[in-house]
Amino acid sequence: MSRSTTGTSIAALVRKAELRRERRLLAIAAPAITFVLVFFVLPIGLFLFRSVDNPEVHGSLPRTLTALHQWDRTTLPDEQAFAALVADLRALRGKPELAMLARRLNYDVSGFRSVIIRSGRLAEQGLPPYRKWLIANEPAWGDVTYWGAIRNEASPLTDFYLLAAFDLRRLSNGSIAPASNENALFRDLFARTFWISFTVTVLCLIVGFPVAAVIAHARPKVANLLLILVLLPFWSSLLVRATAWIVLLQDEGLINQALIALGLIARPIRLVFNRIGLTIAMTHVLLPFMILPLYSVLRGIPQGQMRAAASLGAKPVIAFLRVYLPQALPGIVAGSTLVFVISLGYYVAPALVGGPRDQMIGYFVAYFTNSTVNWGMASALGTLLLVIVALIYAALARTIGLERLRAQ
Amino acid sequence: MTCCHGWPARLAMTIALLAFTGPLAAQDSITVVSNGGSIADAQRTAFVVPFTKATGIRVVEDVFNQELAKIRTQVETKNIQWDVVSVTAINEATGCDEGLLEPVDWSRYLDAKQFEGVGGFGKCGVPHNFVSGGLAYDGDKIKDPPKSWADFWDVKKYPGKRGLLYRAEQTLEVALMADGVEPKDVMTILSGPGGVDRAFKKLAEIKPYVHWWKSGDESMQILLSGDVTMTYAWNGRVAAANKANNRNLKIAFAPGHVSGSQIYAIMKGTPKKELAIKYITFAAQPEPQAAFARAISYAPANEAAYKFMTDAEKATLPQGYLDRGSLQSGPVYFNFWLDKGDEVLQRFIKFAAQ
């Protein structure tokens with residue numbers, strides 16, 4: 001009896017001590033966790049929210065939206081809707097919201113911006129019946145496309161940007177249709193981004209694996225030297241490295257000049273500002289991300305095993321495939337995942353050494369953020385990329401096991 | 001100071017003094033805001049220093065990145081910290097429309113004729129600099145200079161690659177010029193029915209030979225290295241590339257150019273409107289204009305400034321060809337690019353990638 005009491009109390013004490021330890025660890029990590037939450041998770045969350053955020057129409061045209069609630073979306077709205085629109089526009093006069101509304105609706109129907117700006121100016125002088133008056137002064141309002149766009153953007157949350165990221169759009173009757181062929185851009189863009197990332201990952205693996213193996217099994221002195229060589233590029237900026245590739249690869253660059261001097265080619269071949277240049281530059285930049293995880297795994301594979309396999313009669317190829325490679329797999333997966341995921345977000349290298357056929361998602365996220373200030377679109381592309389990366393990670397975790405991934 | 005002992009009292013006195021002298025001094029100063037960098041440096045030597053010397057009015061400089069939101073916040077909260085802002089033409093038009101900038105009848109202070117070449121005064125402000133995109137080539141390599149954008153499109157007569165801006169705006173204008181449209185009609189044709197299709201059709205002819213550049217640096221790098229035979233380029237870049245590399249790059253404006261102004265405007269509701277007008281009027285005079293153009297290698301907005309510049313300085317400026325420009329101003333230009341800009345650009349990016 002007394003023994004069991006002591007037993008439970010010891011267990012309780014241990015639990016308590018563990019709890020205290022965990023709490024202390026949490027307290028130590030608290031600044032880091034807070035930092036990550038405040039400066040990383042929160043802003044990213046807010047930015048991702050922009051891909052569905054839709055305050056403009058909802059906030060600026062309340063009367064119009066009420067009037068359009070029962071609208072059939074095929075015939076022109078009635079006088080009541082026109083009167084509501086004029087009232088809303090009058091309320092917006094001279095306010096910055098009018099410009100924001102105009103910009104927002106222009107995403108849906110190009111040309112809507114100036115319709116709104118002009119109507120905002122007109123609204124002051126409007127006289128009933130408003131339907132006849134407004135159409136006479138701004139014929140666009142006689143077209144259901146414009147009314148449909150307002151109705152489509154009625155809700156404070158929208159799927160507009162996410163649909164656009166899939167080259168889809170909503171018609172004025174509310175149904176979803178593919179974007180016009182001339183403007184369908186993003187599916188190709190995603191496919192291209194993935195294809196480039198995949199190519200770079202495979203190349204990094206082909207180039208990086210032997211290097212990692214050599215470093216892993218070299219004498220410590222040699223290994224250290226080789227590791228420094230691998231890490232060296234990390235010490236120079238990405239911009240410098242990309243520019244260096246331009247100097248090397250351009251038509252009058254070193255490589256073309258050397259090939260011409262050797263008589264291998266008569267005229268310079270195009271090596272930069274296209275896919276070749278981009279692939280070379282990205283593989284070079286990302287190689288350390290493949291080599292380092294691989295190296296850490298390969299180092300753990302005992303050399304004796306290969307000799308044992310050989311002594312048991314396995315040919316080198318068989319020994320490699322059946323003894324070495326399975327043990328290297330976690331490193332291959334970790335390195336490939338790292339390189340692939342980093343490649344997906346590449347922006348500087350494609351902009352510098354790629355051509356228009358080689359621009360990736362990152363370029364357009366930056367473009368929509370900085371140049372057109374269409375943050376909804378930038379955010380939608382970012383959200384999509386994030387979801388896809390999460391799916392890839394989940395799939396890998398499922399097939400290979402999270403533990404083995406994390407082990408790296 | 002016999003009344004006051006110890007540092008707290010002295011501190012209080014100092015603060016009181018500052019509080020009194022602050023507003024007094026501020027009355028004779030204005031705040032001028034630009035993009036910063038080399039533009040701010042040029043502004044200082046050409047406008048600010050001589051202005052203070054001539055009038056005794058102190059100029060405080062500030063920097064902004066063309067965010068209209070920053071102007072809007074000050075105007076709406078009536079907490080005006082800036083007086084004169086240097087804005088792009090499109091921001092001037094928008095800001096003026098939205099009541100963020102002060103409308104001024106500049107013909108009362110300046111000779112409107114001297115600014116006609118760059119498209120005249122803005123609705124609110126005065127152009128103070130003029131950026132042109134023209135046909136650039138290496139004068140040492142091409143002996144028979146291209147005379148038109150049609151020549152630029154002629155890859156038989158001038159073999160080799162071409163550089164064009166990786167952007168719909170400016171590039172579509174150039175394409176229409178190559179298709180025989182007079183520069184002054186380009187925006188009307190482009191915004192009219194079938195205009196965009198026509199421009200894309202013309203671009204498709206030369207597309208296999210085009211290197212699309214994304215920055216001014218890149219446009220010069222490809223021309224200097226000989227990767228392209230000719231390129232569309234901004235004139236200040238050509239001047240800078242010549243200076244830095246001791247080269248003989250040329251830029252032709254006669255084939256037609258795409259040009260736009262940087263504009264000085266006054267913040268709506270500033271109590272220093274008169275001083276601001278004084279500053280802008282000063283900056284718009286021929287001599288400061290010439291000094292600014294010299295410092296930054298882009299053209300003066302005031303045509304009378306050209307006579308203060310040497311032939312070498314004028315080599316990359318559009319003097320004499322101001323009527324050959326498609327201007328990045330006016331309602332046709334703004335409405336087209338603000339309404340259709342996104343759509344056309346998306347089409348352009350897809351077109352370039354095919």
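Heavy atoms of A:N274 lying under 4.5 Å from chain B are absent altogether. For B:L68, no part lies near chain A; criterion is any non-hydrogen pair under 4.5 Å. Heavy atoms closer than 4.5 Å to chain A are found nowhere in B:L100, neither backbone nor side chain. Of the atoms belonging to B:K214, it is side-chain heavy atoms, and not backbone ones, that fall under 4.5 Å from chain A. Of the two parts of A:A102, neither the backbone nor the side chain holds a non-hydrogen atom closer than 4.5 Å to a non-hydrogen atom of chain B. In this structure, no portion of A:R103 lies under 4.5 Å from any heavy atom of chain B. Residue contact with chain B, scored on non-hydrogen atoms closer than 4.5 Å, involves the side chain of A:I246 exclusively.
In terms of heavy-atom pairs under 4.5 angstrom with chain A, the leader among B:R72, B:Q354, B:H211, B:E76 is B:H211.
Here the two rings, on A:F112 and A:W141, have centers that are under 6.0 Å apart. Aromatic ring centres of A:W195 and A:F190: separated by at least 6.0 Å.
Residues B:G99 and B:V75 approach most closely at O-CG1, 4.2 Å, considering heavy atoms.
Of residues 359-367 of chain A, those residues lying under 4.5 Å from chain B by any heavy-atom pair are A:Q359, A:Y363, A:F364, A:Y367.
With sequence neighbours excluded, the residues forming a side-chain hydrogen bond (donor to acceptor under 3.5 Å, both in side chains) with B:N335 are A:R113, listed by chain and number.
Classification of the A:F47-A:W375 ring pair by plane angle, with boundaries at 30° and 60°, yields tilted.
Looking at heavy atoms from C-beta onward, B:F152 lies out of side-chain contact with B:Y158 at the 4.5 angstrom threshold.
Remark: A:R104 qualifies as a cation-pi partner of A:F160 under the 6.0 Å distance and 45° angle criteria applied to the six-membered ring.
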